[in-house]
Amino acid sequence: MEQQKLNTTLVYVLAIFGLLCCCFGGLGFILSGIAFYIAHSKLKSVEDAPENFDPSSVKAMQTAKIVAMVILIINILYLVMTIYRIATVGWDEIMSQSQEIMEQMQNQ
């Protein structure tokens with residue numbers, strides 16, 4: 001019987017896009033959460049029948065799961081920080097600071 005290989009490409013792509021979306025207030029937790037879920041569910045299917053899967057691809061999926069989890073944690077922390085900043089400083093103040101920075105950049 002030929003052993004199945006686990007494809008980690010989708011997990012890595014979603015996790016990397018999740019990291020890039022971290023700049024948008026931590027909204028990348030959606031993509032990195034999906035990546036983590038996919039990797040977790042694939043590894044659950046390996047637990048049911050480990051003899052059907054290639055060990056090197058299982059290790060690669062475990063690594064992809066760790067990468068997705070780290071990016072998920074970064075996004076959640078950034079989201080919490082963004083919510084805290086909006087709650088303490090206020091949305092209007094954040095927007096006025098952003099506008100001042102943009103004006104300073106244009107004047108240079």
Side-chain angles (χ1 to χ4, degrees):
M1 178 192 327
E2 187 174 325
Q3 292 183 324
Q4 295 178 337
K5 290 186 181 274
L6 295 173
N7 190 354
T8 60
T9 305
L10 179 63
V11 175
Y12 280 122
V13 168
L14 287 172
I16 297 303
F17 278 128
L19 183 62
L20 295 174
C21 290
C22 181
C23 300
F24 302 113
L27 294 178
F29 80 91
I30 297 168
L31 295 174
S32 55
I34 292 170
F36 180 78
Y37 176 77
I38 290 170
H40 184 73
S41 63
K42 295 282 186 185
L43 289 172
K44 278 286 192 197
S45 65
V46 170
E47 288 178 11
D48 295 338
E51 66 279 351
N52 295 341
F53 295 94
D54 179 35
S56 64
S57 69
V58 172
K59 279 214 177 279
M61 186 59 78
Q62 289 170 338
T63 303
K65 180 181 175 183
I66 292 169
V67 168
M69 181 175 51
V70 168
I71 294 173
L72 179 63
I73 291 169
I74 290 170
N75 272 289
I76 289 173
L77 290 174
Y78 199 84
L79 179 66
V80 168
M81 184 185 76
T82 302
I83 291 170
Y84 175 76
R85 187 166 177 232
I86 291 171
T88 57
V89 175
W91 183 255
D92 293 333
E93 182 63 27
I94 292 171
M95 287 295 110
S96 67
Q97 288 174 358
S98 297
Q99 189 172 9
E100 287 175 22
I101 291 170
M102 295 293 276
E103 289 171 359
Q104 288 174 359
M105 290 176 70
Q106 286 178 347
N107 292 334
Q108 288 181 352

_Met102 atom CE, neighbour heavy-atom count above 12 within 6.0 Å_ = no
*Check whether Leu10 and Leu6 end up in the same hydrophobic cluster, where Ile, Leu, Val, Met, Phe, Trp and Tyr are linked by side-chain heavy atoms less than 4.5 Å apart.*
yes
*Would you confirm whether Asn75, through its side chain, and Gly18, through its main-chain N or O, come within 3.5 Å as a donor-acceptor pair?*
yes
*Return the minimal non-hydrogen interatomic distance between Ile71 and Ser32, and the atom names on each side.*
CG2-CB, 3.8 Å
*asked:* If you count every heavy atom of other residues, nucleotides or ligands that lies below 6.0 Å from Lys42 atom NZ, does the total exceed 12?
replied: no
*Interatomic spacing from OG in Ser57 to CD in Gln62 - rounded to 0.5 Å*: 10.0 Å
*State, to 0.1 Å, how close Ala35 and Val11 come at their nearest heavy-atom pair, and which atoms those are.*
CB-O, 3.5 Å
*asked:* Check for me, please, whether Met81 and Leu19 land in the same ILVMFWY cluster - side-chain distances under 4.5 Å, paths through other members count.
replied: no
_Could you measure the distance from the CD atom of Glu93 to the OG1 atom of Thr88? Nearest 0.5 Å is fine._
10.5 Å
*Do you know which two heavy atoms are closest between Leu31 and Cys21, and how far apart they sit?*
CD1-SG, 4.0 Å
*Kindly check if the number of other-residue, nucleotide or ligand heavy atoms within 6.0 Å of CD (Gln99) is above 12?*
no
*Tell me, with the steps shown, if Tyr12 and Thr63 meet side chain to side chain contact (heavy atoms under 4.5 Å, CB included).*
CA-CA 10 Å; Tyr12 280 122; Thr63 303; 3.6 Å; yes
_Tell me whether Ile16 shares a hydrophobic cluster with Tyr78, the cluster being built from Ile, Leu, Val, Met, Phe, Trp, Tyr side chains joined at under 4.5 Å._
no
*To the nearest 0.5 angstrom, please state how far the CG atom of Leu77 sits from the SG atom of Cys22.*
9.0 Å
*Are the side chains of Pro55 and Gln3 in touch, meaning some heavy atoms are under 4.5 Å apart?*
yes
*asked:* Set out, in order, the CA-CA distance, both residues' side-chain angles and the distance that settles side chain to side chain contact (heavy atoms under 4.5 Å, CB included) for Leu43 and Val58, then state yes or no.
replied: CA-CA 7 Å; Leu43 289 172; Val58 172; 4.1 Å; yes
*When hydrophobic residues are tied together by side-chain contacts of less than 4.5 Å, even through go-betweens, does Tyr37 share a cluster with Leu79?*
no
*Measuring from Leu72:CG to Leu14:CG, what's the distance to the nearest 0.5 Å?*
12.0 Å
*Just how far is it from atom CD of Glu51 to atom CD of Gln4, taken to the nearest 0.5 Å?*
10.5 Å
_Distance (rounded to the nearest 0.5 Å) between Phe36 CZ and Ile66 CD1_ = 10.0 Å
*Are Tyr84 and Val89 connected, step by step, through hydrophobic side chains (Ile, Leu, Val, Met, Phe, Trp, Tyr) whose heavy atoms are closer than 4.5 Å?*
no
